[in-house]
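For the numbers below, each heavy atom of this structure counts, side chains included, while hydrogens, waters and symmetry mates do not. Computed from a predicted structure; not experimentally measured. Throughout, residue positions are numbered sequentially from 1 according to the sequence presented.
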Amino acid sequence: MEHREYKSINKSVRKKDSMQLLLGKPVYTDDITPKDALVVKLLRSPHANAIVKTIDTSKAKLVPGVVDIYTWEDVPTNRFAIAGQTYPEPSPYDRLIIDRHVHCVGDVVAIIAAETEKAALKARKLIKVDYEVLEAVLDFRTAKDNPVLVHPEDNWVAPCPVGGDNRRNLVASEESSHGDVDAVMADCDYVIDRTYHMKAFSQTPMETFRTYTELDRYGRLHVVSSTQIVFHARRILSNALGIPKSRIRVEKPRIGGGFGAKQTAVCEVYPAFVTLKTGRAAKLILTRKESMENGSPRHEMEVRVRLGASKEGKIRVVDVYTLSNSGAYGEHGPTTVGLSGHKSIPLYSGSLEAHRFNYDVVYTNTMSAGAYRGYGATQGIFGLESAVNELAEMIGMDPTEIRDKNMVREGMLMPAYYGETANSCALDRCLAHCKEMFDWDKRYPVRDMGNGKVRAAGVAMAMQGSCISFVDVGSATLKLTDDGTFILLIGAADMGTGCDTILAQMAAECMDCSVDDIAVFGADTDASPYDSGSYASSTTYITGQAVVKACEKLKKELCQIAAEILKCDASEMVYENGVVRNIITEETVSREDIAYKSQVFDLYSAEATAKHTSTVSPPPYMVGMVEIELDKFTGQVTVLDYMAVVDCGIPINPALATIQAEGGIVQGIGHTLFENVTFSQDGKLAENSLMQYRIPTRLDMGNLKIEFEHSYEPTGPFGAKSIGEIVINTPGPAIAHAIYRATGVWHQELPITPEKIAMSLID
């Protein structure tokens with residue numbers, strides 16, 4: 001491990017945008033949208049599967065203030081995908097801007113453009129639609145090879161060979177294995193075979209989906225959107241609208257939360273289409289109801305886990321099969337499912353002799369799923385970690401001991417993790433640290449508190465990734481300004497994670513200056529260098545390394561310019577302590593002087609752009625422990641303490657890393673205990689507001705305590721790995737474990753509501 005004293009790294013620096021946000025400045029999409037923009041509203045299908053026979057907009061168009069109404073007859077017919085992924089997209093091209101064949105409740109049937117919201121809403125009520133209602137596939141367990149096809153169209157396209165087949169309702173499928181799984185399983189003393197179900201939880205960011213569009217002074221489409229993926233959004237719009245990417249500019253202002261939801265272009269296409277048709281600025285702001293019913297929630301998954309172990313507690317074999325419900329469209333379906341196995345099974349690389357991981361991703365006529373923090377690893381880790389806890393109870397072994405016997409350790413090969421080696425891994429230290437911090441030995445025994453209340457503890461561990469290896473690209477441009485400070489241009493999107501601040505810290509460390517001397521701009525497809533976007537936990541690891549490379553390139557440029565000033569050879573110059581110094585004469589040149597020289601008869605540029613990608617995706621690791629109090633009379637679970645220790649390499653900003661961990665744990669508590677999704681028999685979502693869909697508040701999280709065990713990742717900037725996603729993965733299995741300890745009942749489906757607990761305790 002590399003040890004070094006940093007000036008800006010591993011320091012809790014205040015976020016770049018903190019004062020703007022605290023003071024309520026206009027920084028979000030709707031804050032900066034002109035008031036005369038057309039209001040766009042969408043008429044949506046009430047049916048899960050239907051054909052629009054006729055649609056009458058004549059009365060609606062007569063409403064004063066209505067500019068126009070568009071139907072399936074008015075839009076381009078080229079299919080596209082709205083998943084924000086690197087080209088060629090693994091997700092199928094299965095969407096139209098408006099499809100005559102609606103595939104789920106909430107599919108768009110008409111686009112209304114009006115001068116005011118009142119006029120648009122009035123017009124929407126006057127549109128008459130005649131549907132031919134078809135049989136729908138609502139249960140994802142029956143979708144594969146169902147005679148009812150969700151996408152029967154002939155122009156369905158799969159850009160990548162991921163095992164999809166619309167004629168079988170398959171978005172993707174794959175089989176992989178290592179070793180003789182069946183033979184090892186047959187030789188085990190203990191075999192666990194369980195199926196775990198996690199529903200389609202909503203990200204529910206405070207800011208709903210929203211986009212503003214206009215034509216700029218050159219007639220180009222200018223898109224301002226609350227998005228994590230400006231470059232992918234540009235490609236999606238180009239594909240959908242049939243116009244060149246050179247005619248599209250996408251930028252994001254501040255984002256009021258994303259959590260993966262805004263890695264999908266949920267709403268950008270509709271106001272963009274209106275702007276192209278009318279030549280006027282337009283905006284679409286989805287209501288909370290629309291965001292809940294037609295956002296891009298977590299994929300519902302059913303994960304079957306079979307594992308075999310010796311009587312000594314050695315986990316010898318793991319067999320995972322995942323069935324994933326992509327809903328009516330395939331975005332992110334082929335990629336989320338892989339993480340359910342590839343980022344759970346490798347946790348036990350220390351002992352595994354064989355493993356198998358198979359999956360199917362299916363279409364149904366329900367709301368389409370998308371990216372959500374954890375991205376499939378959450379579902380797989382809930383299954384595997386719950387099975388390991390059950391195995392420990394079966395053997396009569398402490399669940400921390402069984403993990404210590406089997407876990408991956410630094411230097412180990414991880415066959416289930418694409419054959420990568422754990423070059424930086426402090427998981428063993430995380431477990432020991434968390435066990436001591438939590439006082440596990442004292443809290444693990446169940447304690448009867450009287451009045452039907454018991455206290456119990458649970459544990460889980462997790463891993464994630466730091467990018468999509470061989471795919472993700474990060475770029476950064478660093479410019480020296482006239483006064484000797486810097487501007488950092490990035491294409492990654494800060495969605496509250498603090499990446500603007502973290503990347504500025506890296507630049508400041510490299511350039512030997514204050515973080516305040518680094519101004520950050522992004523993300524804008526016209527000005528920012530290309531970046532895959534803010535997802536896959538890649539910003540710190542990938543874009544961060546691009547920042548480091550850009551700084552090194554810029555230092556060389558600054559030395560060249562300084563050499564011209566001192567009339568010496570550039571080989572005599574070195575950049576250190578924020579100035580350029582001649583190593584022979586000890587003369588120094590300030591950054592200000594270099595900046596001015598670069599503007600006067602000079603061939604060298606005081607700026608540099610660098611790109612970074614990676615052949616590996618080093619996992620962060622985490623151990624979480626929870627203490628709950630459970631009321632056996634009501635089934636109510638109260639989280640008392642949640643403690644976690646995280647290995648994210650070297651934390652660039654410990655305060656922001658802690659906040660990331662706390663936020664992820666709270667989300668995990670929510671989808672474990674009360675966030676619920678229920679579809680009616682005709683495919684309508686019951687929990688379509690925050691009155692029905694309960695998300696956790698400060699009162700639900702108990703006491704949170706986060707600490708870190710440092711490892712040093714040799715391929716990461718300053719030894720850093722990711723932290724954004726891993727932190728959501730341990731609450732599910734840890735709380736389920738604690739509930740078993742308190743009640744003697746294992747729950748294999750999330751959420752584990754008070755009703756389920758109370759009913760399970762009835763004899």
Side-chain angles (χ1 to χ4, degrees), residues 26-42 70 75-76 78 80-85 87 89 95 97-98 108 111 113 205 207-256 258 261-286 290-291 295-296 331 489-495 521-535:
V27 295
Y28 297 103
T29 300
D30 198 35
D31 296 333
I32 60 178
T33 298
K35 301 306 177 188
D36 61 349
L38 292 176
V39 174
V40 177
K41 292 292 179 182
L42 306 173
Y70 309 98
V75 299
N78 33 300
F80 60 97
I82 61 171
Q85 298 175 298
Y87 181 85
E89 300 100 308
R95 282 186 179 266
I97 298 175
I98 303 176
V108 175
I111 304 170
E207 183 194 33
T208 62
F209 299 96
R210 53 197 60 199
T211 299
Y212 160 70
T213 58
E214 64 180 358
L215 295 180
D216 69 13
R217 58 188 176 276
Y218 300 107
R220 299 169 69 224
L221 179 65
H222 178 208
V223 179
V224 179
S225 187
S226 183
T227 179
Q228 301 170 219
I229 43 143
V230 292
F231 286 97
H232 296 331
R234 181 178 65 177
R235 183 189 63 246
I236 291 165
L237 288 166
S238 175
N239 290 345
L241 300 169
I243 62 175
K245 297 180 184 68
S246 60
R247 282 192 56 200
I248 305 171
R249 173 192 177 193
V250 181
E251 65 170 315
K252 67 98 196 164
R254 304 316 297 168
I255 302 176
K262 294 169 184 174
Q263 191 191 335
T264 304
V266 170
C267 67
E268 284 84 348
V269 171
Y270 306 107
F273 177 76
V274 169
T275 290
L276 289 182
K277 294 291 282 187
T278 64
R280 295 184 57 183
K283 70 173 180 179
L284 172 60
I285 298 177
L286 297 194
E290 286 179 299
S291 293
S296 56
E331 46 256 12
L489 285 78
I490 59 172
D494 193 327
M495 50 182 161
F521 174 83
D524 184 326
T525 57
D526 271 13
S528 302
Y530 176 80
D531 195 287
S532 301
S534 295
Y535 60 88

Quick one: closest heavy-atom pair of [X] and [Y], and the distance?
{"X": "Ile32", "Y": "Pro253", "answer": "CD1-CB, 3.9 Å"}
{"X": "Ala113", "Y": "Leu38", "answer": "CB-CD1, 4.4 Å"}
{"X": "Ile255", "Y": "Ser226", "answer": "CG2-OG, 3.3 Å"}
{"X": "Ser528", "Y": "Gly522", "answer": "OG-CA, 3.9 Å"}
{"X": "Gly258", "Y": "Pro205", "answer": "N-CB, 4.0 Å"}
{"X": "Gln228", "Y": "Gln263", "answer": "OE1-N, 3.5 Å"}

Before giving the answer on side chain to side chain contact (heavy atoms under 4.5 Å, CB included), spell out for Lys283 and Arg210 the whole-Å C-alpha distance, their side-chain angles and the decisive distance to 0.1 Å. CA-CA 7 Å; Lys283 70 173 180 179; Arg210 53 197 60 199; over 6 Å; no
Side chains of [X] and [Y] in contact at under 4.5 Å (non-hydrogen atoms):
{"X": "Thr213", "Y": "Leu221", "value": "yes"}
{"X": "Ile248", "Y": "Thr525", "value": "no"}
{"X": "Val269", "Y": "Leu237", "value": "yes"}
{"X": "Leu284", "Y": "Val274", "value": "no"}
{"X": "Tyr218", "Y": "Arg249", "value": "no"}
{"X": "Pro529", "Y": "Leu489", "value": "yes"}
{"X": "Ile111", "Y": "Lys277", "value": "no"}
{"X": "Arg254", "Y": "Asp494", "value": "yes"}

Apply side chain to side chain contact (heavy atoms under 4.5 Å, CB included) to Ile236 and Glu268, showing your working. CA-CA 9 Å; Ile236 291 165; Glu268 284 84 348; over 6 Å; no
Which residues pass the ring pair (Phe, Tyr, Trp, His ring centres under 6.0 Å) test with [X], not counting sequence neighbours?
{"X": "Phe273", "answer": "Tyr70"}
{"X": "Phe231", "answer": "Tyr530"}
{"X": "Tyr28", "answer": "none"}

Which value, rounded to the nearest 0.5 Å, describes the distance between Lys35 atom NZ and Thr33 atom OG1? 7.5 Å
Just verifying a value: how many Å separate Lys252 NZ and Ile229 CD1, rounded to the nearest 0.5 Å? 13.0 Å
Say whether, by atom type as modelled, one donor and one acceptor occur between the side chain of Arg235 and the main chain of Gln85 under 3.5 angstrom. yes
Under 3.5 Å donor-acceptor, Asn239 side chain and Ala81 backbone: no
Between Lys262 and Glu207, is a side chain to side chain contact (heavy atoms under 4.5 Å, CB included) present by the stated rule, with each step listed? CA-CA 10 Å; Lys262 294 169 184 174; Glu207 183 194 33; 3.3 Å; yes
Test Leu241 against Ile97 for side chain to side chain contact (heavy atoms under 4.5 Å, CB included), laying out the working first. CA-CA 8 Å; Leu241 300 169; Ile97 298 175; 3.9 Å; yes
Qualifying residue, where the test is side chain to side chain contact (heavy atoms under 4.5 Å, CB included) with Tyr212 and the options are Pro271, Pro34, Ser225: Pro34
Tell me, with the steps shown, if Asp526 and Arg220 meet salt bridge (charged side-chain N to carboxylate O under 4.0 Å, His left out). CA-CA 11 Å; Asp526 271 13; Arg220 299 169 69 224; 2.8 Å; yes
Within the 3.5 Å criterion, strictly below it, is a donor on Glu331 or Thr264 matched to an acceptor on the partner's side chain? no
